[in-house]
Number of protein chains: 2
Amino acid sequence: MPAHPSGSPQPENADAQGAGEGARGGSIAAVAQRVGVSVATVSRVLNGHANVRAATRERVLAEVEASGYRVNELARNLRTAESRLLLTMVPDFGNPFYAEIVRGIDSVARQHGYFMLLCDTGADAGRERGYFDLLRRHRADGAICLDPATVQQANRLMAAESAALPWVACCEFDPDVGVPFVGIDNYRAAHDAVRHLIARGRRRVALINSDEHYLYAQQRRDGWRDALAEAGVEARDVWRVNVNCLDYDAGAQAAAALMHLPAEHAPEAIFAVSDTLAVGVVNGLRSVGRRVPDDVAVVGFDDIALAARIDPPLTTIAQPMRELGETAARLLLRRLADPRASVPGVLLPHRLVIRESA
Amino acid sequence: MPAHPSGSPQPENADAQGAGEGARGGSIAAVAQRVGVSVATVSRVLNGHANVRAATRERVLAEVEASGYRVNELARNLRTAESRLLLTMVPDFGNPFYAEIVRGIDSVARQHGYFMLLCDTGADAGRERGYFDLLRRHRADGAICLDPATVQQANRLMAAESAALPWVACCEFDPDVGVPFVGIDNYRAAHDAVRHLIARGRRRVALINSDEHYLYAQQRRDGWRDALAEAGVEARDVWRVNVNCLDYDAGAQAAAALMHLPAEHAPEAIFAVSDTLAVGVVNGLRSVGRRVPDDVAVVGFDDIALAARIDPPLTTIAQPMRELGETAARLLLRRLADPRASVPGVLLPHRLVIRESA
DNA sequence: CTGAAAGCGCTAACAG
DNA sequence: CTGTTAGCGCTTTCAG
């Protein structure tokens, strides 16, 4: 890891572009000249290579310190052919679930000398291919994709090439396409949630799911369906509502809609595939006069910070968000370190957190 | 703006590093050779320069398309001496307030061909100087700082140099140091909040403020104090509590503490300087048996999405978060476009949003 | 309208 | 231990 000179506050004497000679400004050559050594030596000192005499090293360091010289990473990057940037694609970083994952990514990236390029794919959808082009154009060394839509696009549009690009899928993934991934066992998680509801005596369990175009949504639906079936309950279509957006309002609306079913079919419980949704569900239920959990039990998904703080505190499936991000970053880094190492897919454990809403 | 070839899915024939000749792989030279023109011509086509014969342009474009060539931005960046990256420093991007501002930044940055380097300063505090070094090392062309601690450090440590670096302050700022900024009038905003409480008949108004080391916190405190004074109420010290962290728990704790005051001094209202805090306050109040707003009125700050959705819906001071971010990015971009243009400080309007908590 | 050539600032062989 | 040198791949004068 390169030395990190802490510099003093003198302003650099650099002007606009350093268009002049090549000797004066802030270049490594200028430093070398002033110290009376070669650029190679300065470079070696800067990069912490061992083969420099202590005295020489000191002189270089002193000049660097005095002049406030900073390496130009643009040049270094071209030379070493790496940007030291990791691209993170997220559908919506206002969502606390993704925010926490992104934190995990950022933290391991930084530890390894990488910075994070953040792209909110929701900001301009349909640019899926464009994001991966950032890799091809060397703007980033690798990518982590948290956006299910983009993951699917990538798998579809680039079947052959996709697995060759240095990226990993996080949360949404297809084990069959050869792209490294990290996520949870969505089927089991949903199964666990519904089984808990059943254990609590609820049988008519509704599912508020996201777009079942996504694999994770399909898996959660299947978990829900099968858990119900194992209790001898048929998973009715009217109990299943799909939303395009996982926010509070969508949850409130969906809950209200569900409550319009004739009394004998009305759900006794609702399983929402995201906590933000579930919070909306709880509110929506309250606004149509239903009590939680007395009238309708609610289970969420993710275990964001807010989940424990709403009234009533939300029972939910916890995902290890931070670890999801950290693992994704580590997988990617491993792949960058050795492009032909086979990087595995990893499933992290989820956990049913029982609070008061169910 | 460079042309954006939409490419076809053929995998590139590139191998590891392109370590070979210089003619074959994915370089602009390779494309030039295959088409039978010079690299200059290819470059001109790629960058949309007008002075290329249509027929030549077509041939180049066809080859680019066929070969899946992508420009190497590492090289481009060195040559043009710009990274086309904007650094955003945020204390905590899990906080929905910052998340929304960051969205604003991202959106205008993208529109202008820049990407965003995101640094969560909370992740490793004390590195303030290091962040600005990213500018000196040409890792980013400019920076936007949303972190009050970092803004102050920068103003202090780099008094002379600071104003020379291409950065802008957002939300926390000191008009006197010559760094462009965007924010709101915190004094007036706090004043408005407290005046509203007074108009509602509350006189003992508590303030839950963040660290008054920050300018914005000082301004809000002054607004609170003066609004109280104008109503003939002395702003008592026991009504003022400072927290280090603006999250739910801090709010709940502070509220509980405030409710331990002897009945004749107990606040009839609480003004919390952030909605996340205010949500905690409402919960904390409820948990010690106080009703909102009947026993204690609550006003928050920011107007994050959650504010309207809690029970009771939160009265708050709305900040134009999105615009704050967009404006910050625009100011920065203007400064980059013309380094010696004098970029102004701008104050955006806030707004009192009256809901049910006060 | 097109080509040749000069670097951007740095790292990494390769020679001493 | 240190210096010389050759590019990384691109943009951009400067000449035709």
Side-chain angles (χ1 to χ4, degrees), chain A residues 2-3 12 14-33 35-60 64 69-84 136-139, chain B residues 1-3 12 14 16-33 35-60 64 69-84 136-139:
Chain A
E12 309 176 47
D15 48 8
Q17 289 253 68
E21 302 310 272
R24 197 155 19 118
S27 76
I28 206 174
V31 174
Q33 193 183 42
V35 179
V37 295
S38 73
V39 293
T41 297
V42 177
S43 176
R44 283 191 273 253
V45 171
L46 256 22
N47 293 110
H49 292 190
N51 47 348
V52 178
R53 190 159 46 113
T56 311
R57 174 189 308 284
E58 291 315 316
R59 279 195 298 142
V60 171
V64 165
Y69 167 79
R70 297 289 184 287
V71 67
N72 181 339
E73 303 206 28
L74 258 26
R76 174 184 282 172
N77 289 344
L78 172 59
R79 185 53 231 237
T80 59
E82 54 179 20
S83 64
R84 299 244 112 193
R136 302 191 190 91
R137 292 193 266 160
H138 297 267
R139 213 167 199 344
Chain B
M1 195 146 293
E12 310 176 46
Q17 289 254 67
E21 302 310 272
R24 196 154 21 114
S27 75
I28 207 175
V31 174
Q33 193 183 42
V35 179
V37 297
S38 72
V39 293
T41 298
V42 176
S43 175
R44 283 191 271 254
V45 171
L46 256 22
N47 294 109
H49 293 189
N51 48 347
V52 178
R53 193 157 46 111
T56 311
R57 174 189 309 283
E58 291 315 317
R59 280 194 299 141
V60 171
V64 165
Y69 167 79
R70 298 288 184 287
V71 66
N72 180 337
E73 303 207 28
L74 258 25
R76 165 128 93 202
N77 289 343
L78 172 59
R79 186 52 230 236
T80 59
E82 56 179 18
S83 64
R84 299 244 113 193
R136 301 191 191 92
R137 293 193 268 159
H138 297 268
R139 210 161 199 352

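Sequence lines set the chain letters: A, B, ... in the order given, protein chains first and strands last, and positions in each chain run from 1. Small disclaimer: the values here were computed from a predicted structure and weren't measured. Reckoned from all heavy atoms, side chains included, excluding hydrogens, waters and symmetry mates.
- Whole-Å rounding puts the H138(B) NE2 to dC8(C) P distance at 13 Å.
- Between dC10(D) and Y69(B), a contact under 4.0 Å exists linking OP1 or OP2 to a side-chain N or O.
- Inter-residue side-chain proximity for S27(B) and N72(B) is flagged as unmet; no heavy-atom pair is nearer than 4.5 Å.
- Phosphate proximity of dT11(D) to N47(B): present, with a side-chain N or O under 4.0 Å from OP1 or OP2.
- In this structure, CG of L74(A) is placed 10 Å from P of dC10(C), rounded to the nearest angstrom.
- Ranking dC10(D), dC1(D), dT11(C) by closeness to the R53(A) side chain, first place goes to dC1(D).
- One finds a side-chain N or O of S43(B) lying less than 4.0 angstrom from the OP1 or OP2 phosphate oxygen of dT11(D).
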Between the protein and nucleotides 3-6 of chain C, list every N/O to N/O distance that falls short of 3.5 Å.
unit_1, atom_1, unit_2, atom_2, d
dG3(C), OP2, S38(B), N, 2.9
dG3(C), OP2, S38(B), OG, 3.3
dG3(C), OP2, T41(B), OG1, 2.8
dG3(C), N7, R44(B), NH2, 2.8
dG3(C), O6, R44(B), NH1, 3.3

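- Among the protein residues, N72(B) comes within range of the sugar-phosphate backbone only, with heavy atoms under 4.0 Å from sugar or phosphate atoms but none that close to a base.
- Shown here are the side-chain contact (heavy atoms from CB on, under 4.5 Å) partners of R79(B), two or more places apart in sequence or in another chain: there are none.
- For the pair L46(A) CG and dG9(C) P, the interatomic distance rounds to 15 Å; values are reported in whole Å.
- In this structure, N77(B) places its CG atom 13 Å from C1' of dG9(C), rounding to the nearest Å.
- Closest contact between the side chain of I28(A) and the listed nucleotides dC10(D), dC8(D), dC10(C) involves dC10(C).
- Across the protein-nucleic acid pair, R139(B) atom CZ and dG9(C) atom C1' stand 15 Å apart, rounded to whole Å.
- None of V37(A), V71(A), V52(A) except one satisfies the side-chain contact (heavy atoms from CB on, under 4.5 Å) rule with V42(A); the exception is V37(A).
- Here the P atom of nucleotide dA15(C) and the CG atom of N51(A) are 17 Å apart, to the nearest Å.
- Atom CG of N77(B) is separated from atom NE2 of H138(B) by 12.0 Å, given to the nearest 0.5 angstrom.
- Residues passing the salt bridge (Lys or Arg N to Asp or Glu O under 4.0 Å) test with E82(A), sequence neighbours excluded: R84(A).
- Heavy-atom minimum distance, A50(A) versus R57(A): O-NH2, 3.7 Å.
- Put simply, CG on L78(A) is 12 Å from P on dT11(D), counting in whole angstrom units.
- For the pair R137(B) CZ and dG9(C) P, the interatomic distance rounds to 17 Å; values are reported in whole Å.
- If you run side-chain contact (heavy atoms from CB on, under 4.5 Å) between S43(B) and each of T41(B), L46(B), N47(B), only N47(B) comes through.
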